[in-house]
Undergrad: 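Have a look at this one.
Order of the sequence lines fixes the chain letters, A, B, ..., with proteins taken first and strands second; residue numbering starts at 1 for each chain. Just the heavy atoms: all of them, side chains too, but no hydrogens, waters or symmetry mates, feed the values below.
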2 protein chains.
Amino acid sequence: MARAGLAPAAVVAAAADLADEVGLSNVTMGLLAGRLGVRAPSLYKHVESQADLHRRIAVLALTELGDALRDGLQGRAGKDALAAAAWTMRGYVVGHPGRYAATVRLDTEEPDDPLAAAGARVLDSLGAVLAGYDVEERDAIHAMRMLRSLMHGFAVLEAAGGFQMEADVDESFTWIVDFLDRGLRDGTRGRPAV
Amino acid sequence: MARAGLAPAAVVAAAADLADEVGLSNVTMGLLAGRLGVRAPSLYKHVESQADLHRRIAVLALTELGDALRDGLQGRAGKDALAAAAWTMRGYVVGHPGRYAATVRLDTEEPDDPLAAAGARVLDSLGAVLAGYDVEERDAIHAMRMLRSLMHGFAVLEAAGGFQMEADVDESFTWIVDFLDRGLRDGTRGRPAV
DNA sequence: AGGTTATGGCTAACAACGTTAGCCAAGGAG
DNA sequence: CTCCTTGGCTAACGTTGTTAGCCATAACCT
């Protein structure tokens, strides 16, 4: 039996692409094997389990997102950086819904080194955005959680079709970024003049 | 064979409770049947499928959340209402992770009447919160999406253990509510004085 | 009360899916 | 070249969701 020349990375990449096409939950080991020209049991020579596969897709997604953020934030600060980070993140989720879905878990997970490292890199980029706002140290963690919640929540709701076609979603996103920018500039420096 | 006296509502309630205990994805038809004292195939006399069951759990969750919001918002306006809505929503998610998970879908779903109606009720409550802020009509949809994104995102990240024990999560939430309040008071009335 | 109909249990069976065990051949190392 | 490793495969198994059909319970009607 001639070897298909697979490697773990190729398996994960194919699974990620398939996830983006048909949705993560519809990626069966059988479907993936067919895409790669082998039989399902052969996949276990390259990944441990379906759970392992999903974890690896998540690492890939966060790595790609981290790269995109690093690139998108080059030479930007303040509102530019905030907007760039927000749009980068949203663009990634819109373009790779299956990949992103692998990073989403409601159930508690044990931290894996590659996953934690990739996730930390994404957080670092968001931290850099906040650093440009002169946020007080004691507020930084709160602001960070807010940014993450908002970006994640928006992406997930949008991907789920949660926003009806009543208004331009891009416009809403721009409005939200403006809102964040204003609040971060003023709110963390004390009360604005009323 | 004596009848267990089940009804669709009882089946859904039991499934929802079980989901909150063990996580939605761990609720198998077999596990639920055992909880109810019947065999798995018998469940199909009461619900159409597992997907139908999940949809019904989602309706239950949104109905309960809608009730909680209605109650929590009674006699409140402005920041009080905002805080009440935010804490109500978060409290619901924390207390019923399995139920809430049923409302979360990355895949596009056909709108079901009961689900849409229950969801609309939750949105109406959030809309009422915004109405107390004198938000300009053209901004209302954007502000609404922001609120939903933030609350949803925060709840999901928290439930997934996304916030390490570096700082008090309640404190972050309070900070975020303050941020929103300030922004909604000032941001929608023009630029604050710099 | 008795007979008929509707319905809710059950078991057996099936399909789909993830996974393991073991065989065999391809490919790499010495 | 020989030997060892590894990556394909098939067969098989366990789990899960679901369907078909049987039988008994419960509801309804006379």
Undergrad: Ignoring hydrogens and geometry beyond distance, is a side-chain donor-acceptor pair present between B/Asp20 and B/Tyr100 at under 3.5 Å?
TA: no

Undergrad: Anything under 3.5 Å between a protein N or O and an N or O of nucleotides 15-18 of chain D, put it in a table, one pair a line.
TA:
from	atom 1	to	atom 2	distance (Å)
D/dG17	OP1	B/Gln50	NE2	2.5
D/dG17	OP2	B/Met29	N	2.8
D/dT18	OP2	B/Tyr44	OH	2.7
D/dT18	OP2	B/Gln50	N	2.9
D/dT18	O5'	B/Tyr44	OH	3.3

Undergrad: By side-chain contact (heavy atoms from CB on, under 4.5 Å), which residues pair with A/Met144, not counting sequence neighbours?
TA: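 Per chain and number, A/Met144 pairs via side-chain contact (heavy atoms from CB on, under 4.5 Å) with A/Leu126, A/Leu130, A/Arg148.
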
Undergrad: Check for me, please, whether A/Val122 and A/Trp87 land in the same ILVMFWY cluster - side-chain distances under 4.5 Å, paths through other members count.
TA: yes

Undergrad: Check the phosphate of D/dG8 against A/His46, side-chain N and O only, distance under 4.0 Å to OP1 or OP2. Yes or no?
TA: yes

Undergrad: Less than 4.0 Å between a side-chain N and a carboxylate O, is that true for B/Asp181 and B/Arg185?
TA: yes

Undergrad: Could you pull out all residues at least two apart from B/Ala4 that satisfy side-chain contact (heavy atoms from CB on, under 4.5 Å)?
TA: B/Leu6, B/Val38

Undergrad: Got a list of protein N/O to nucleotides 23-26 of chain D N/O distances below 3.5 Å?
TA:
from	atom 1	to	atom 2	distance (Å)
D/dA24	O3'	B/Met1	N	3.1
D/dT25	O2	B/Arg3	NH2	2.7

Undergrad: With a 4.0 angstrom cut-off to heavy atoms of chain A, pull out the first and last contacting nucleotide of DNA chain C, in 5'-to-3' order.
TA: C/dC17 to C/dG27

Undergrad: Taking all atoms of both residues into account, what is the closest heavy-atom pair of A/Ala40 and A/Ala33, and its distance?
TA: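 Closest approach of A/Ala40 to A/Ala33: N-CB, 3.4 Å.
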
Undergrad: Heavy-atom contacts under 4.0 Å between residues 6-20 of chain A and DNA chain D, which residues?
TA: A/Leu6

Undergrad: Kindly write out the residues that satisfy side chain to side chain donor-acceptor pair (under 3.5 Å) with B/Glu158, not counting sequence neighbours, or none if the list is empty.
TA: B/Arg90

Undergrad: List in chain and number order the residues that pass side-chain contact (heavy atoms from CB on, under 4.5 Å) with A/Ala13, two or more places apart in sequence or in another chain; answer none if no residue qualifies.
TA: none

Undergrad: Can you give me every donor-acceptor pair (side chain of residues 56-70 of chain B, partner residue at least two apart or in another chain, under 3.5 Å) with its distance?
TA:
from	atom 1	to	atom 2	distance (Å)
B/Arg56	NE	B/Asp52	OD1	3.3
B/Arg56	NE	B/Asp52	OD2	3.0
B/Thr63	OG1	B/Val59	O	2.7
B/Glu64	OE1	B/Tyr92	OH	2.6
B/Glu64	OE1	B/Arg99	NE	3.0
B/Asp67	OD1	B/Arg121	NH1	3.4
B/Asp67	OD1	B/Arg121	NH2	2.3

Undergrad: Sequence neighbours excluded, which residues qualify as salt bridge (Lys or Arg N to Asp or Glu O under 4.0 Å) partners of B/Arg3?
TA: none

Undergrad: Ring pair (Phe, Tyr, Trp, His ring centres under 6.0 Å) with A/His46: which residues, sequence neighbours excluded?
TA: none

Undergrad: Which residues pass the side chain to side chain donor-acceptor pair (under 3.5 Å) test with A/Arg35, sequence neighbours left out?
TA: A/Glu21

Undergrad: On DNA chain C, compare the nucleotides closest to B/Gly5 and A/Lys45; which residue's is nearer the 5' end?
TA: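 Nearest nucleotide further toward 5': that of B/Gly5.
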
Undergrad: Give the ring-plane orientation class for B/Phe163 versus B/Phe154, where under 30° counts as parallel, over 60° as perpendicular and anything between as tilted.
TA: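 Correct class here is tilted.
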
Undergrad: Return the value, rounded to whole Å, for the distance between atom CG of A/Leu36 and atom P of D/dG7.
TA: 14 Å

